[in-house]
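Notes follow the structure.
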Amino acid sequence: GSNAAKNTTATFGSAGAYTLTATGSDVPGLTAANSTTVTVTATATPLTVSPASATLAVNASAAFSAVVADQFGGAVSGPAITWATTGGGSISTGGLFSATTAGGPYQVSATSGSLSSGVPVTVTSAAVAVTLGNLAATYNGTPKAASATTTPAGLAVNITYDGSSTAPTNAGTYAVVATVSDANYSGSASGSLVITRVALTITWSGATDYIWNTATSNWSLAAAGVSY
């Protein structure tokens, strides 16, 4: 008879315990069988981090997850994952990245045993509201500066007047632009600063009524003071 089947290959599709049975028979029809148990263990191969990339603003957060697969493509249950980032913020033990510094791309990585995988993360500046104030003034010979407040409060702001950083003194209307000066925040506001003219009061010294005639053709007056 043929003995070609004495060598064979068993292929497994998932981890688990399997019973392999070999049965032999001869020409008269007598048979013999023997069984053995084979245990197939899951071996972690790739580690995948999701999402594959992220872009978020300062003060925002993004959740990352990691999946460790076995040699059959099935997910390994409950692997120990360690998270890390090269900058831009911090990441929790559960994979939650909190952005604090604009820039990047930074790298968020997950490690499980000898396996590691990382994804790029870009942090953009956070938009802020800028509110202008002190946009109306009356001329008195001193510079008139506009004010600017931000939400969140306390951010540095650059203010220009018709393109100049010098606050104007003279009466007139000036285009005001306030721009946040902070790498982690962005925002601006525009408006007009109006400095109004002031009425002058002139006080004359020694003013006397005169009757105009040909004999008196010229006279002079001295201003004792000017106020506004």
Side-chain angles (χ1 to χ4, degrees), residues 49-65 83-92 94-109 118-205 220-228:
V49 176
S50 297
S53 65
T55 299
L56 66 163
V58 168
N59 297 330
S61 59
F64 291 89
S65 61
W83 291 96
T85 179
T86 59
S90 60
I91 191 163
S92 71
L96 183 66
F97 178 82
S98 300
T100 58
T101 306
Y106 303 105
Q107 191 84 357
V108 165
S109 60
V119 295
V121 175
T122 300
V123 180
T124 60
S125 58
V128 301
V130 180
T131 304
L132 291 173
N134 296 335
L135 294 178
T138 302
Y139 173 83
N140 65 358
T142 62
K144 304 299 178 185
S147 63
T149 56
T150 61
T151 305
L155 299 177
V157 178
N158 292 329
I159 301 177
T160 60
Y161 309 85
D162 285 348
S164 170
S165 59
T166 303
T169 298
N170 295 329
T173 300
Y174 302 86
V176 177
V177 178
T179 305
V180 173
S181 178
D182 191 306
N184 292 322
Y185 297 92
S186 59
S188 64
S190 59
S192 296
L193 168 63
V194 178
I195 303 176
T196 57
R197 299 176 184 274
V198 65
L200 297 180
T201 301
I202 301 176
T203 304
W204 298 104
S205 175
S220 62
L221 294 173
V226 177
S227 60
Y228 49 83

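Everything quoted here is computed from the prediction, not taken from an experiment.
- Residues Ala102 and Ser125 come closest through the heavy atom pair CB-N, 4.0 Å.
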*asked:* Working note: Val119 + Ser53, criterion side-chain contact (heavy atoms from CB on, under 4.5 Å); need CA distance, chi angles, decisive distance, verdict.
replied: CA-CA 5 Å; Val119 295; Ser53 65; 5.5 Å; no

*asked:* Checking Val198 against Asn140 for the side-chain contact (heavy atoms from CB on, under 4.5 Å) test, could you report, in this order, the C-alpha distance in whole Å, the side-chain angles of both residues, the deciding distance, and whether it holds?
replied: CA-CA 8 Å; Val198 65; Asn140 65 358; over 6 Å; no

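- Val128 is listed as a side-chain neighbour of Pro152, based on a closest heavy-atom distance under 4.5 Å.
- The minimum heavy-atom distance linking Thr173 with Asp162 is given by the pair O-OD2, 4.2 Å.
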*CA sep, side-chain torsions, deciding dist, call: Thr101, Tyr106, side-chain contact (heavy atoms from CB on, under 4.5 Å)*: CA-CA 10 Å; Thr101 306; Tyr106 303 105; 4.1 Å; yes

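- Going from atom CG of Leu135 over to atom OG of Ser147 covers 7.0 Å, rounded to the nearest 0.5 Å.
- Between Leu193 and Asn134, the closest heavy-atom pair is CD1-O, 3.5 Å.
- The minimum heavy-atom distance linking Ile195 with Tyr139 is given by the pair CG2-N, 3.7 Å.
- Note: Asn59 CG to Tyr185 OH = 4.0 Å, rounded to the nearest 0.5 Å.
- Here the closest non-hydrogen pair linking Ala57 and Ala99 is O-CB, 3.5 Å.
- We find the OG1-NZ distance between Thr138 and Lys144 to be 7.5 Å, quoted to the nearest 0.5 Å.
- Shortest non-hydrogen contact noted between Ala178 and Ile159 is CB-CG1, 4.1 Å.
- Remark: the backbone N or O of Ile91 is not paired with any side-chain donor or acceptor of Thr85 at under 3.5 angstrom.
- Taking the six-membered ring where the residue is Trp, Phe97 and Phe64 present perpendicular rings, their angle passing 60° and hence far from 30°.
- Between Val121 and Thr86, the closest side-chain pair of non-hydrogen atoms is not below 4.5 Å.
- Rounding to the nearest 0.5 Å gives a distance of 9.5 Å between OG of Ser192 and CG of Leu132.
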